[in-house]
Amino acid sequence: MSDVRVRFAPSPTGLLHIGGARTALFNWLYARHFGGKLILRIEDTDTARNTPEAVAIIFKGLRWLGLDWDEGAQEGGGAKGDFGPYYQSQRMDIYKKYVDQLLAVDKAYQDPDGSVRFRMPRTPGVVKDLICGEITFDRTHEPDPTIFRKDGTPVFHFVNVVDDLEMKITHVIRGEDHLSNTHKHIAMFEALGATPPQYAHIPLILNPGGSKMSKRDEGASIGEYMDQGYLPEAVRNYLCLLGWSPKDNREVIAISEVVEKFDLPQINRGNARFDINKLYWLNGEYWKALTAEQYHAYAKEYLTQRGVDLSKIDAAYVTGVLDIVREKIKLGRDLPDWVEPFFNEEFSYDEKSLTVTLKEPEAKSRIEKLSAAFGGLGEWSAVKLEETLKALAAGDGVKVGVYVHPCRAGVAGRAVGPSLYHMLEVMGKERVLARLQRTLGKL
RNA sequence: GACCCCAUCGUCUAGAGGCCUAGGACACCACCCUCUCAAGGUGGACACACGGGUUCGAAUCCCGUUGGGGUCGCCA
């Protein structure tokens, strides 16, 4: 156990921002790599948008990503650790105490309107950043920042410093958007007679347009990934790759290995653009790696959440369908559509089936031949079905596709789908014959 | 506007002076496989922003330019 203490300090805005999630992840990785502690502090001084629901969204997002913390705010309003409260809204007395301390030694002063300003030192501000290196700021013209408003509430820069000091934070890992303000924070630490923590500013995540990812950008909220059926391990893996790399050309990498290799100096200094395509691909890799049990459980839960009632469907049929559909998709979002024609006897027919496949003059006779052949089948298996289709085609001197297409359309109403032979096998003889009859009735 | 950070394929990146006629991945294109769509396989196109230095030698070091991002709040 080391003395490393890092913190993640989100403000409840109603969503867990992807950039915030990555900051949380990097803090977590740093803490875990060095055997330190991760502290979760809720920065809710902006009372307007601070609601229990907004805080719950943060907890939910972090847990979904598999990030845990050792101290700080907990679900249900509780807290863990000796440096609480971990909600800034509950720490007003502490901030008051510290501002009085500054006032007493004239490191801060009161404005006529009642607000309090911090007296900026006019010496050069030196920031030694673990990622960006040493940066010196000229502060001869730096305005004195307000630290307490005229209404008596404290301002972010000040509470942030006080909390990091009080909570004995050793490393502050945060977005690069704070880099230019860091010298002010350091000055406040020093004015308070304390040693500032080590700072590390990580590059920003940019939207595809190239500017800082904002709440309104597509994909900005972790909640979207939960809803769309992304796997948390994949999202987490992708986030690791934004600004960090294992340096050996691998993309899919276990979190335990990232923990082992992670450190601040290797973090890239340039901003990274968010690329949903790569996340989508990565999700597919994790999707393929799921065990059958994990996949079934995930798929059933996702479908149930989407309002698909699986309780009335034969359990073996459900898993059979899930199995053949799996290789077609990369995430949960696509499940409902792929599964629909299997579970609904009143399935609809897609555009191509309707206007092309079933419109062919021979469609009817072919489906009739298929029905007849299927009806006479003793063993109902993919292999046998394949033989049957091929024999039918050979008899007519045509390619199997000639029979496959109307069959798929007749049995599922779709021009595309999983392997037809496996579809038929899973559906079972009775269902297949009934469906072909239904289609025939529509021709 | 001032200040700060950054700069390798469209995107994420490998590269820490010779191993680079710059490697990988996503996306893209072609072909193969094939019952459709995917997946998979093979191959292809695609980058060191520009200009000066330093050096025997620069993607790698220095300076400048340009470009991008960020910060300058009584938002966090």
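Labels below follow one simple rule: chain letters A, B, ... track the order of the sequence lines, proteins then strands, and each chain is numbered from 1.
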Partners of [X] by ring pair (Phe, Tyr, Trp, His ring centres under 6.0 Å), sequence neighbours excluded?
{"X": "A:His296", "result": "none"}
{"X": "A:Phe342", "result": "none"}
{"X": "A:Phe156", "result": "A:His178"}
{"X": "A:Phe118", "result": "none"}

Considering only B:U11, B:A76, B:C35, which nucleotide approaches the side chain of A:Glu43 most closely? B:A76
Measure from the side chain of A:Lys328, starting at C-beta and using heavy atoms only, and say which of B:A76, B:G70, B:C37 lies closest. B:C37
Got a list of protein N/O to nucleotides 3-5 of chain B N/O distances below 3.5 Å?
| from | atom 1 | to | atom 2 | distance (Å) |
| --- | --- | --- | --- | --- |
| B:C5 | O3' | A:Arg269 | NH2 | 3.2 |
| B:C5 | O2' | A:Glu176 | OE2 | 3.3 |

OP1 or OP2 of B:C37 sitting under 4.0 Å from any side-chain N/O of A:Lys352? no
Distance check: side-chain N/O of A:Lys247 vs OP1/OP2 of B:G15, anything under 4.0 Å? yes
Would you say the rings of A:Phe262 and A:His33 are close, in the sense that their centroids are separated by under 6.0 Å? no
Quick one: do A:Lys278 and A:Glu251 make a salt bridge, cutoff under 4.0 Å? yes
Please determine whether a side-chain nitrogen of the Lys or Arg among A:Lys364 and A:Glu362 lies less than 4.0 Å from a carboxylate oxygen of the Asp or Glu. no
RNA chain B contacts among residues 255-266 of chain A, heavy-atom distance under 4.0 Å: none
Could you check which residues of residues 414-424 of chain A get a heavy atom under 4.0 Å from RNA chain B? Sort them by number, please. A:Ala415, A:Val416, A:Gly417, A:Pro418, A:Ser419, A:Leu420, A:Tyr421
Can a side-chain donor-acceptor contact be found between A:His201 and A:Thr182 if the only test is distance below 3.5 angstrom? yes
Give A:Lys288 one of three labels, base, sugar-phosphate or nothing, depending on what nucleic acid heavy atoms sit under 4.0 Å from its own. sugar-phosphate
Hey, does A:Gly243 reach any base, or is it just sugar-phosphate, or nothing, if we go heavy atoms under 4.0 Å? sugar-phosphate
Reading nucleotides 19-32 of chain B from the 5' end, what letters show protein touch, with B for base, S for backbone sugar-phosphate only, - for no heavy atom under 4.0 Å? ----BBBSS-----
Nucleotides 60-66 of chain B: protein proximity per nucleotide (B base, S sugar-phosphate only, - neither; heavy atom, under 4.0 Å): -------
Quick one: which residue pairs count as a side chain to side chain donor-acceptor pair (under 3.5 Å) with a foot in residues 236-247 of chain A, not counting sequence neighbours? A:Asn237-A:Tyr286
Where at least one partner belongs to residues 379-429 of chain A, residue pairs that pass ring-ring contact (aromatic ring centres under 6.0 Å, His included), sequence neighbours excluded: A:Phe374-A:Trp380
Set out, line by line, the N/O atom pairs under 3.5 Å between protein and nucleotides 72-74 of chain B.
| from | atom 1 | to | atom 2 | distance (Å) |
| --- | --- | --- | --- | --- |
| B:C74 | OP2 | A:Thr146 | OG1 | 2.9 |
| B:C74 | O2 | A:Lys150 | N | 3.2 |
| B:C74 | N4 | A:Asp113 | OD2 | 2.2 |
| B:C74 | N4 | A:Ser115 | OG | 3.3 |

